**Q** 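Got a structure for you, written out below as structure tokens; questions coming shortly.
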Amino acid sequence: MLTSCHSPHHSHTSRRIGAIRLCKGLAMAGHAPPAAEQLIRQKLTKARELKEKGNEHFKQQQVKKAIQSYHSGLMYVKGIDQDLNPNKILGKCQDAPSLPQDVKEEVTDMSAHLHNNLAACLLKQEPVRYERVVSCCEHVTELRPQNIKGWYRLGLAHYHLRDYDKASDALKKANTLAGGQDMAVKKLLLSVDQELKKENKKFSDMFKNSLLVKPT
């Protein structure tokens with residue numbers, strides 16, 4: 001009687017090696033394995049749903065609930081980032097999976113929108129934690145440098161933190177992107193310029209007074 005030359009153990013090992021080779025092959029070709037890509041898309045869908053839920057809460061002036069939704073959405077985005085940058089484990093894919101460009105763009109947009117919306121909520125709380133607003137807006141402007149609201153809110157936060165130089169830089173970028181047509185940006189930029197003039201005059205007066213002091 002003829003017997004197979006492959007034992008069940010050998011067959012299992014062969015399938016495992018084949019799976020690993022397929023996984024590595026997909027990574028080298030620049031594609032995420034189907035299961036990994038599907039999981040990422042599911043997390044992106046969940047983040048999108050939470051963003052929309054947060055928007056509804058915001059419209060209803062339910063700021064705390066909106067913050068919770070946006071924050072939860074960002075947790076899913078963070079999960080996607082971990083999926084794209086997995087720890088290297090022996091016997092599994094050594095290369096991080098990549099996604100189609102349109103999905104990558106959507107993930108970036110989602111992170112920027114969630115951070116931007118979270119900043120808008122934080123600005124409505126009392127007291128306003130402007131340091132957190134700065135952190136959120138820095139994420140926005142890094143991910144999407146053309147985002148006017150991100151630059152405006154960054155400038156607004158710096159203004160209230162009395163860092164007028166950084167406020168001026170952010171608002172000038174917002175003003176340029178808006179083509180000088182956003183009145184809120186222009187108004188705040190004018191206020192920042194006035195504060196900078198006051199500071200410059202103060203330092204100038206201090207310098208003049210120091211020259212008038214006679215040595216003892």
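If you read the sequence from its start, that first residue is 1, and numbering goes on from there. A quick note: this is a predicted structure, and the numbers were derived from the prediction, not measured.
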**Q** Donor-acceptor pair, S168 side chain versus Y164 backbone, under 3.5 Å?
**A** no

**Q** Which heavy atom of L188 sits nearest a heavy atom of G155, and at what distance?
**A** CD2-C, 4.4 Å

**Q** Is the backbone N or O of L196 less than 3.5 Å from a side-chain atom of N200, with the two atoms forming a donor-acceptor pair by type?
**A** yes

**Q** Less than 4.5 Å apart, side chain to side chain, heavy atoms only: is that true for L122 and R129?
**A** no

**Q** Any non-hydrogen side-chain atom of K104 less than 4.5 Å from a side-chain atom of Q101?
**A** yes

**Q** I need the minimum non-hydrogen distance between A157 and V133, along with the two atoms involved.
**A** CB-CG1, 3.8 Å

**Q** Mind listing the closest non-hydrogen atom pair of A66 and C121 along with its distance?
**A** CB-SG, 3.7 Å

**Q** Does NZ in K149 sit with more than 12 non-hydrogen atoms of other residues, nucleotides or ligands closer than 6.0 Å?
**A** no

**Q** Can you check whether E131's main-chain N or O pairs, donor with acceptor, with S135's side chain at less than 3.5 Å?
**A** no

**Q** With the 4.5 Å side-chain cut-off for hydrophobic clustering, are L74 and M110 part of the same group?
**A** yes

**Q** Is Q62 reaching over with its side chain to a backbone N or O of Q60, donor-acceptor style, under 3.5 angstrom?
**A** no

**Q** Examine V63 and L156 and state if one hydrophobic cluster contains both, with Ile, Leu, Val, Met, Phe, Trp and Tyr joined whenever side-chain heavy atoms are less than 4.5 Å apart.
**A** yes

**Q** Would you give the length of the straight line joining atom NE2 of H57 to atom NZ of K65, rounded to the nearest 0.5 angstrom?
**A** 6.0 Å

**Q** To the nearest 0.5 Å, tell me how far R48 CZ sits from E106 CD.
**A** 4.5 Å

**Q** Working to the nearest 0.5 Å, report the span between CD of Q125 and CZ of R132.
**A** 7.5 Å

**Q** Are there more than 12 heavy atoms of other residues, nucleotides or ligands under 6.0 Å from atom NE2 of H71?
**A** no

**Q** Drop me the distance from L114's CG to H139's NE2, to the nearest 0.5 angstrom.
**A** 12.0 Å

**Q** Does L161 belong to the same Ile/Leu/Val/Met/Phe/Trp/Tyr cluster as Y159, with side-chain heavy atoms less than 4.5 Å apart forming each link?
**A** yes

**Q** Using side-chain heavy atoms (C-beta onward) and a distance below 4.5 Å, is Y152 in contact with D182?
**A** no

**Q** Under a 4.5 Å side-chain heavy-atom rule over Ile, Leu, Val, Met, Phe, Trp and Tyr, are L143 and L118 clustered together?
**A** no

**Q** I'd like to know if the side chain of W151 and the backbone of P145 have a donor-acceptor N/O pair within less than 3.5 Å.
**A** yes

**Q** Quick one, L50 and Y76 - any side-chain contact, counting heavy atoms below 4.5 Å?
**A** yes

**Q** Let me confirm one number: the CG-CG distance from L189 to N175, rounded to the nearest 0.5 Å.
**A** 6.0 Å

**Q** Do I67 and V128 sit in one hydrophobic cluster, given that two such residues count as connected whenever their side-chain heavy atoms are within less than 4.5 Å of each other, even indirectly?
**A** yes

**Q** Donor-acceptor pair, distance only, cut-off 3.5 Å: does the side chain of R153 make one with the backbone of C137?
**A** no

**Q** Please give me the minimum heavy-atom distance between V140 and G150, naming the atom from each residue.
**A** CG1-CA, 3.9 Å

**Q** Hey, which of R41, K43, K78 is the one that makes salt bridge (charged side-chain N to carboxylate O under 4.0 Å, His left out) with D83?
**A** K43

**Q** Is there a side-chain contact between L39 and Q42 (heavy atoms, below 4.5 Å)?
**A** yes

**Q** Check this for me: does any side-chain nitrogen of one of R162 and E195 sit under 4.0 Å from a carboxylate oxygen of the other?
**A** no

**Q** Please say which of T141, N116, D109 ends up in a side chain to side chain donor-acceptor pair (under 3.5 Å) with N147.
**A** N116

**Q** Does this structure show an ion pair linking K53 with E56, if we count only N-O contacts that are shorter than 4.0 Å?
**A** no

**Q** Will you find, in the side chains of Y70 and N55, an N or O donor that is under 3.5 Å from an N or O acceptor?
**A** yes

